[in-house]
Structures are given as C-alpha cells and as structure tokens.
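All chains are named by letter (A, B, ...) in the order of the sequence lines, taking the proteins before the strands, and each is independently numbered beginning at 1. In what follows, every heavy atom counts, from backbone to side chain, and hydrogens, waters and symmetry copies are set aside.
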Protein chains: 2
Amino acid sequence: MSKTPKPSPCERILDAAEQAFSERGYEGASLREIVQEAGVNLATVYYYFDNKKALMEAVLKRRFGPIRTEHLELLRRFEAESEGQPLPVERILEAMLLPLLRLAVATPTKRQAVTRLIGRIMTEPNPQTQAILRRHRSEVRVAFLKALQASLPGVPPAELQWRIEFVWGALAFILCDPRKIEKETNGACNPADLETVMKEMVGFFAPGFRASSSNTARRMRQ
Amino acid sequence: MSKTPKPSPCERILDAAEQAFSERGYEGASLREIVQEAGVNLATVYYYFDNKKALMEAVLKRRFGPIRTEHLELLRRFEAESEGQPLPVERILEAMLLPLLRLAVATPTKRQAVTRLIGRIMTEPNPQTQAILRRHRSEVRVAFLKALQASLPGVPPAELQWRIEFVWGALAFILCDPRKIEKETNGACNPADLETVMKEMVGFFAPGFRASSSNTARRMRQ
DNA sequence: GTCTATAAAGGGATAGAC
DNA sequence: GTCTATCCCTTTATAGAC
C-alpha cells in the first residue's frame with residue numbers, strides 16, 4: 001500500500017491555477033499567488049508553459065477531455081441498454097447533467113474548482129475563451145441534440161436547441177457556486193445532495209422537453 | 001425639440017465602466033480604458049467615486065433599482081388584472097423574464113452591457129459581489145416565490161425554489177452573451193427575436209413548474 | 001471640478017547561474 | 001529542471017496646481 005507520491009511540479013501548478021482561476025477569474029488571479037500555492041518558483045511556470053494564457057488553456061484542456069469522454073460514454077451506454085429504442089428524455093438529461101454535477105457536489109472543496117471554473121467560462125463573453133469552449137464541447141452538443149431528436153421527433157430541432165441552451169445555462173449557474181443556492185434559499189435547497197439535485201433538474205426539465213410549441217402558443221394566448 | 005445634452009462626466013464614467021466591466025470583468029477592466037472611453041481624466045474618477053470597487057457598486061446600483069421596480073410592478077400589474085385568481089405560471093414566468101430579456105435583446109449594443117454585466121456577476125463566486133446581488137434581488141425573489149406558491153399550491157416550496165434557481169440560471173446564461181447562442185446553433189436560434197425567446201423560455205419552463213415530484217419519481221424509476 | 005505629475009505596488013515575463 | 005534577480009510595463013491611487 002503505497003502513499004500517493006507528491007504530484008509533479010507541473011501538476012501542482014495546474015492544480016493551483018485551476019483553483020485560483022476558478023475563484024478570481026483569469027485576470028484576477030496572479031501567477032505569483034499560483035506559484036506560492038503550488039510551492040514552486042515563479043520561473044517554473046515559464047519552464048512548463050509559454051505564458052499565462054497557455055497555462056489557462058492547459059488547465060482547461062486537462063479537464064475537458066475526460067469530461068467529454070464521460071458525457072459521450074454515458075450517452076452511448078444508455079443507448080446500448082435501450083436496445084434500439086429511442087431514449088426517454090429523462091435518461092438523456094441524466095447523461096447531460098451527471099458528469100458535471102457529480103464533480104460539483106463532490107465533498108472535497110478542491111474538486112469544486114473544476115466545475116466552478118467551467119461554469120465561469122461558460123458565461124465569459126471573451127471570444128477566445130468562447131472559442132476554446134466551443135472547440136471542446138461541440139461534439140458533445142451534437143451527440144445530445146441527436147439523441148433528443150430521436151427521442152422527441154415531434155419537436156422541431158430549433159426548439160430542441162433552445163432547450164439545450166436553457167439546460168446548459170441552469171447547469172452552469174449551479175456549477176459556479178452550488179453553495180450559493182443553499183444560502184439564497186435559507187437552507188431549503190441542499191445542493192450537496194447529488195441525488196436530489198439530479199431528481200429536481202430532471203423532473204423540472206423533462207416535461208419542458210416533451211412540450212410542443214402549439215401547446216405553448218395556446219397557453220400564452222389564453 | 002431639444003437635442004439630448006451631453007451627459008455629465010459622472011454619467012459618462014458610469015456608462016463606460018458598465019461597458020468595460022461587462023466585456024472584460026471587474027479585474028480585467030482598467031480605470032484608464034474607462035476614462036479614455038468616457039473622455040475624462042483619470043483623476044475625475046476619484047473625484048466622483050472613492051475607488052474602483054465603489055465605481056463598480058455604483059454601476060450596479062444605478063441599474064438594479066429600476067430593474068427591481070420593473071419586476072415588482074409587472075408582477076403586481078398581472079396580479080391586479082387577474083382579480084384575486086392566482087396567476088397562471090406562464091404569467092409569472094413572463095414577469096420574471098421580460099424585464100431583463102427585453103434589455104438583453106434590445107438592438108443597440110450599448111444597452112446589452114447592462115444585462116451582460118448582470119449575467120456575469122450572477123455567476124461570480126466572489127462573496128462581496130454575491131452580497132451586493134443578494135441585497136438587491138432578495139425582494140424580487142420573495143415576491144416571485146410567493147406568486148408561485150399561490151399558483152401551484154401542490155408543489156412543495158423547496159421544489160419551487162429549486163426551479164426558480166434553474167430559471168435564473170438559464171436567464172443569466174442568455175444575458176451573458178445572447179449572440180453566442182446564434183453561433184452555437186449555426187443560426188437555428190435567433191436570440192435577437194424577443195418574442196420567440198420569451199415563447200421558448202415560457203413554453204419550456206411552465207410544464208416543469210407544474211410537474212409534481214411524485215411524477216418525477218415515477219418516471220425516473222421506470 | 002478638472003488637470004498634470006507622480007507615487008507605490010503589483011503584474012507578466014526573461015536572463016543567466018547552478 | 002529549478003533557482004535568484006531583475007526588467008519593464010500597467011495598474012490603482014494621490015498630491016497639488018489651476
């Protein structure tokens with residue numbers, strides 16, 4: 001039974017950077033605080049990374065790969081289990097939400113940095129940041145759109161795309177600061193309980209996905 | 001017919017700051033770019049405001065008051081129109097979404113700074129920022145929760161609070177960068193069309209609000 | 001009220017020894 | 001690979017003339 005060895009300097013820099021960027025944003029975090037937290041010298045950053053921006057990209061890249069894989073794997077597994085039948089929208093939502101929610105509500109504060117950072121950059125209008133995000137997530141987006149189209153052939157694709165945006169938006173909001181919800185609701189909502197959060201989100205969004213536009217129009221007119 | 005007079009230096013600083021903060025964030029925006037855009041001297045900022053943070057608070061304060069008023073007025077008007085009947089959830093959603101969405105999809109780019117900034121700080125984990133936000137929005141939150149409880153007495157309050165969070169989250173996401181959605185969906189979704197966006201959001205969220213947890217549980221179990 | 005000038009600190013980045 | 005030392009720029013903020 002071996003003690004986990006001290007991570008490499010490069011890894012420690014990435015960990016500290018992830019934490020700092022998630023708390024203070026890209027501009028708000030300084031390399032000096034990052035290296036102090038990582039226990040390395042300032043120059044070490046420039047040995048492993050070209051500059052601050054490259055460090056940020058490395059931080060994102062390290063996480064996006066596995067998360068994308070998990071998203072796609074989960075969806076693929078559900079589809080395999082359903083044996084040709086289109087998935088119920090609840091299952092698709094589960095595959096959309098679980099990988100990131102699981103990380104976000106994991107108890108160790110350290111791991112929350114990942115999702116807080118992702119939530120943050122999802123709402124960052126900076127074009128370069130958006131380009132990174134789009135590059136990493138477009139494959140996942142397409143896969144989920146496809147699954148939803150198969151599951152809900154009666155809903156126009158444009159409408160499904162709107163609804164996907166709404167779900168990502170709500171998810172990003174929670175990722176940014178899960179505990180905020182606890183404070184805002186005076187404890188009525190407990191974001192640390194993964195099962196409940198999943199149940200609430202799936203239960204809220206699934207009926208919306210099933211709704212058809214004509215229904216909406218009718219209700220609005222009344 | 002009088003030409004609108006050039007706004008006061010103080011106003012011009014607030015406008016420029018709002019724009020800069022919304023595009024580059026609090027840390028990313030510098031007072032120097034703000035004063036240049038505003039056409040005033042750097043020292044002028046310190047004549048009108050204590051420091052950078054106070055400027056940020058002034059920027060937020062100037063907008064939050066009117067928006068809160070609009071939210072509450074709209075809800076009150078709808079309630080007056082319904083003559084004692086509880087409001088349908090569609091109307092409540094309309095009152096929740098319209099004030100900010102209207103600003104966000106208003107054509108002049110200038111006005112989008114307001115909502116982009118609001119969307120941004122909604123996802124900012126910084127405790128001070130969150131305190132400002134909570135101070136300004138708590139009244140609105142309570143009013144909408146009350147309306148929803150009256151409209152949907154069968155849904156437990158904690159559940160309603162979760163659902164309110166999801167709606168704010170999706171809204172914040174759109175406020176941050178409405179045009180992003182157009183790009184991500186290759187033009188299938190047009191966020192500049194206020195009526196459509198409203199219809200999509202209301203049509204998507206209303207069925208979720210009406211859903212009961214037992215329903216959810218049943219569907220999940222299957 | 002508005003300007004110039006400058007202080008004081010912190011930031012990213014690099015050179016060069018070891 | 002890792003360190004010290006430093007460059008050089010930008011930033012917030014202020015002092016003081018007008």
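Here Tyr47(B) does not reach the OP1 or OP2 of dT2(C): none of its side-chain N or O atoms lies under 4.0 Å away. The phosphate of dG1(C) (OP1 or OP2) has no side-chain N or O of Thr44(B) nearer than 4.0 angstrom.
The ring pair (Phe, Tyr, Trp, His ring centres under 6.0 Å) contacts involving residues 94-131 of chain B comprise nothing, where partners must be two or more places apart or lie in separate chains. Among pairs with a residue in residues 114-137 of chain B, those fulfilling ring pair (Phe, Tyr, Trp, His ring centres under 6.0 Å) read Phe64(B)-His136(B), at least two apart in sequence or across chains. Among residues at least two apart or in separate chains, there is no ring pair (Phe, Tyr, Trp, His ring centres under 6.0 Å) pair with a member in residues 106-134 of chain A.
Between Asn41(B) atom CG and dA13(D) atom C1' the separation is 13 Å, expressed in whole Å. Atom CD1 of Ile13(B) and atom C1' of dT2(C) are 11 Å apart (whole Å). Whole-Å rounding puts the Ile34(A) CD1 to dG10(C) C1' distance at 14 Å. For the pair Gln36(A) CD and dG10(C) P, the computed distance is 12 Å after rounding to whole Å.
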Would you tabulate the nitrogen or oxygen pairs shorter than 3.5 Å linking the protein to nucleotides 12-14 of chain C?
residue	atom	partner	partner atom	Å
dG12(C)	OP1	Leu31(A)	N	3.4
dG12(C)	OP1	Lys52(A)	NZ	3.0
dG12(C)	OP2	Leu31(A)	N	2.9
dG12(C)	N7	Arg32(A)	NH1	2.7
dG12(C)	O6	Arg32(A)	NH2	3.1
dA13(C)	OP2	Tyr46(A)	OH	3.0
dA13(C)	OP2	Lys52(A)	N	3.0
dA13(C)	O5'	Tyr46(A)	OH	3.3

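When each of Arg120(B), Arg116(B), Gln112(B) is tested with Ser22(B) by the rule side chain to side chain donor-acceptor pair (under 3.5 Å), just one qualifies, namely Arg116(B).
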Would you tabulate the side-chain donor-acceptor contacts of residues 32-41 of chain A under 3.5 Å, counting partners in other chains and residues two or more places apart, or write 'none'?
residue	atom	partner	partner atom	Å
Glu33(A)	OE1	Arg24(A)	NE	3.1
Glu33(A)	OE1	Arg24(A)	NH2	2.5
Glu33(A)	OE2	Arg24(A)	NE	3.0
Glu33(A)	OE2	Ser30(A)	N	3.1
Asn41(A)	OD1	Ala43(A)	N	2.8

Check residues 164-180 of chain A and write down every donor-acceptor pair under 3.5 Å in which the side-chain atom is one partner and the other belongs to a residue at least two apart or another chain.
residue	atom	partner	partner atom	Å
Glu165(A)	OE2	Arg141(A)	NH1	3.2
Glu165(A)	OE2	Arg141(A)	NH2	2.5
Asp177(A)	OD1	Lys180(A)	N	3.4
Lys180(A)	NZ	Met122(B)	O	2.7
Lys180(A)	NZ	Gln130(B)	OE1	3.4

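At the heavy-atom level, Phe49(A) lies nowhere under 4.0 Å from the strands shown.
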